[in-house]
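What follows is a single structure, written as structure tokens, with notes after it.
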Amino acid sequence: MKQHQIAIKIEDLVAGYGKTVILENLNFEVFKGEIFVIIGGSGCGKSTLLKHMIGLLPPVSGKVIILGKDLASATSTAKNSILQNIGVAFQSGALFGSMTVMENIKLPLMEFTRLPDSAIENIVQMKLQLVGLEKSAYLMPGELSGGMKKRAALARAMALDPSIIFLDEPSAGLDPVTSAELDYLIKDLASSLGITFVIVTHELASIDAISDRIIMLEKTTKGIIATGTPDQLKQDKQNPHVYNFFNRNHSNPNTDKGKK
Amino acid sequence: MGCPCCKKRKEKNHLTLSADTIVTPVSFSISKDPEACTVHLLGRLDANGAAHLWQTLPTQISKQRTADTLILDLEHLDYLDTAGTVFLFHLKTAGESSGFKQVLMDHLKPEYTAMIELAKTARQTDRKTLQPSDLSFVETRGEKLSVFMAETKEFITYIGEITWALMTSVRHPGSIRWADTFLVAERAGVNALGIVALISFIVGLVMAFQAAIPMQMFGAELYVANLIGIAMVRELGPLMTAIVLAGRSASAFAAEIGTMRINEEIDALTVMGLDPVRFLIVPRIIASTIITPLLTIFSNLVGILGGALVITSMGYPIISYYNQIVSFVEWNDFMGGLLKSFVFGILIAATGCIRGYQTQSGPSAVGISTTRAVVTSIVLIAVFDGIFSIMYYFLGI
């Protein structure tokens, strides 16, 4: 069972760019070893929140505490050591196009460890094996399909054996089979290696398959409108936004409009 | 001092990641009995720990070989990650090569078995077969040649397409996207006035200075005006302008069109039934052919002014400089220079657009296209300048 140790703690976070506030009054915790999913409609600030959580955007106010350290006020050395403990796979994969898949995953290992080259290659091979890309080590990112790129990005995010991995829309643009494979992989990694996952997505099937806990963000209220397990949220008939999201409705459930 | 245990403690301290990361760094002890030699690993075996023990532990193991079996005792290992697993297999290989008949892993915690299994399968993958084989010298030359031929063919095809589109546009001026054309003319022309002025002024000034020194020996400083006039109008005005535009606008065209190519915007245009050549390339070429001669006239003027500064500073009145130039430089010289710049304008825009159009995929593709656009346009400018010189020589212009 989950140990309920806190991996990430968000305190009174106001998220946004400069003076533009997108989300406010955010308070939640992510526990170690769980798959934590952030959902919400398009434009509600999911990716912005993720950027705050990985330190790409400074908080407008409030705190993001990762592995016990406040990211915004940490010294650059402390920040670097936190960043080495987290892995991020961006929506597009963000693989370096001028390097092979192998070199992409090698890069953080070469920069942050003093392991000999042969050991690094073995590690990379293990990561590739894990995501099922062992035969594609010497291909360029341009030669990979969408699903392969996402898996390669995941392998790169895992290169330094981080304790937390952030994924931005891992299954967007993938076919249902590839998407299900990726879900299975994430679940497997969380249970076998105890990695904490923070995933931004709006794929219902994915949310159902992998999430331990969910928070739902909403544009008009600029905050979290629901928290809980997938089952809890699915049964929530009180909140029209949550209901509509899980039932693919386009209007208030209290009216008949939008229902077939 | 020099005490082995102090030394060991130092080594341990060295392994701590940083003050704010709570870790028990990896350490080891070796126990021996007649049947087996056991390496006890303690603490956190991660990338740093593995890197630290990578050389030392195998050496220790080979020195301590008293039995046939090597046991890696993992009971007190608090943490094991991928790097640690790779290290365990490294120890296994090292043990086997230093003469141990068997190497065993003992007290392996259940949570680590998945990792060990993964390492085993990963080690079985033969990486050599996956690596792309290197081509021989002849093959690479051949490939380069065939790529060059194909690209040249493509270049010629595009020139044909552009010519056709330009002809059609001339017949139907209404089909030209004038708004775009003026926008490009402003960005590539009006905004380039500053840099063209700077370069031309300096060229005129420097040339006048350099020429004035030998001319002074003959008391013929005023004839510097003739030199500046003819050189600027016939050669340097068009050439300098063209080179500035190649660096400034050919690269911009290639980058714009290249990015559109990567974002599938060109495909979108084609699918909508809009000819990308007419839509994107024709406005740029028209704009460029209008602004290059205009910029050249401006460049001529500023270059001549640069020369004037030198001559007046030598004590000659500006009117003498003016009279010298007007009496020496003929309309033919001026028109010859303009005709050249007109052709350079077409060359710059067409090269920029074609190189952009040829952009492949990948993040460096736009960079490559931009570089090639600048290089190709400068080469073409040089070649055509040569052709014009020969032509004008025979025509007596």
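The sequence lines fix the lettering, A, B, ..., with proteins before strands; numbering per chain opens at 1.
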Under a 4.5 Å cutoff for heavy-atom pairs, which residue among [options] has the most contacts with chain B?
options	result
A/Gly142, A/Ala137, A/Pro116	A/Pro116
A/Met158, A/Met126, A/Gln129	A/Met126
A/Asp161, A/Asp188, A/Ile123, A/Ile82	A/Asp161

Heavy-atom cut-off 4.5 Å, strictly under: side chain, backbone, both or neither for A/Met102 against chain B?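 A/Met102 touches chain B through side-chain heavy atoms alone.
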For the pair B/Arg372 and B/Glu151, find out whether any cationic side-chain nitrogen is under 4.0 Å from an anionic carboxylate oxygen. yes
Given the side-chain rings of A/Phe197 and A/Phe36, with only the six-membered ring counted for Trp, is the space between their centroids under 6.0 Å? no
Hey, which of B/Thr82, B/Thr113, B/Thr121 has the most heavy atom pairs under 4.5 Å with chain A? B/Thr82
Nearest 0.5 Å, please: how far is CD in A/Glu11 from CG in A/Leu26?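 The CD atom of A/Glu11 is 12.0 Å from CG of A/Leu26, to the nearest 0.5 Å.
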Going from CG on A/Leu50 to CZ on A/Phe90, what distance comes out if it is rounded to the nearest 0.5 angstrom? 8.0 Å
Relative to A/Phe96, does A/Arg156 satisfy both conditions: NZ or CZ under 6.0 angstrom from the six-membered ring centre, and within 45 degrees of the ring's axis?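 So A/Arg156 does make the cation-pi contact.
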